[in-house]
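Shown next, in structure tokens, is the structure this report addresses.
Counting starts at 1 for both ligands and their atoms, following the listed order. Remember, predicted model here, so these are calculated numbers, not experimental data.
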Amino acid sequence: MLGIIGAMAEEVEQLKAEMESPQIVSVAGMDFYKGRIGGKDVVVVRSGVGKVNGAVCVQILVDRFGVEGIVNTGIAGSLKAEINIGDLVLATDAVQHDVDATQFSYPLGQIPQMNVFAFKADERLRQLAAGCCRQVNPDIGVYEGRVLTGDQFVSSKEKKEWLAKVFAGACTEMEGGAIAQAAWLNQVPFLIVRAISDKADDSAQMDYEEFERLAILHSVNLTRALIEAF
Ligand code: ADE
């Protein structure tokens, strides 16, 4: 059974609405909707925004629901010129860009005393998602790359360029890296799927408000297909 985590209400609202007779379990202020979509068992939940919410949500999915895989859907700011608003990014791996223990000679993004720098997404889930995308979102660009995560909405050209240079990221958002770490700790395969809502630069806030809806539509289309294919 897959667990689907969206950070915002709009992302998971549609999936919940498509569930046959969902059972709702509330834990840590999060409503977990367990039911069937397209004949497949699934748990859909809104984690809330940010790294702590994402990580707590994963632990509950693992402990209470015994999920076999986790998909984090959502939106992100693009860090690459060729990745446009409305396109999708499927994570190869995830790094938390706001981790800084450089004082102790760790590279930026490295969590001290962990033997992993970037948390690798599951290849099978990514390939499944890429196949689903070609079917349900044939007109948009689909990219594979590193997802960067921090408890920050990135909306300046300088910060964007710094992130792209230091971490070689494809997009930036606020939960994926924490969800990846929590899934890795539990040895549960995961995938992060991000639809691009803005370019993470000085126009990010304006673009975000205008394109959030389109971006969510693309990620929901994919998630639905992925649940059915899993
Ligand atoms: N989610 C969507 N756009 C974002 C941005 N520019 N920074 C962080 N999270 C985001």
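Here Ser219 pairs with Thr73, Leu88, Ala195 under the side chain to side chain contact (heavy atoms under 4.5 Å, CB included) rule; sequence neighbours left out.
Judged as a side chain to side chain donor-acceptor pair (under 3.5 Å), the pairs with a partner in residues 55-66 (not counting sequence neighbours) are, in order, Gln59-Asp63, Gln59-Asn186. Residues in residues 46-56 take part in these salt bridge (Lys or Arg N to Asp or Glu O under 4.0 Å) pairs, two or more places apart or across chains: Lys51-Asp98.
Here the rule is side-chain contact (heavy atoms from CB on, under 4.5 Å) with Val58, and of Val188, Asn72, Ile5, Leu185 only Ile5 fits it.
Taking a cutoff of 4.0 Å between a charged side-chain nitrogen and a carboxylate oxygen, Glu18 and Arg224 qualify as a salt bridge.
Closer than 4.0 angstrom to ligand 1 lie heavy atoms from Ile75, Ala76, Gly77, Gln152, Phe153, Val154, Thr172, Glu173, Met174, Ser197, Asp198, Ala200, Tyr208.
For the residue pair Thr149 / Glu175, no side-chain donor-acceptor distance below 3.5 Å is found, with atom types taken as modelled.
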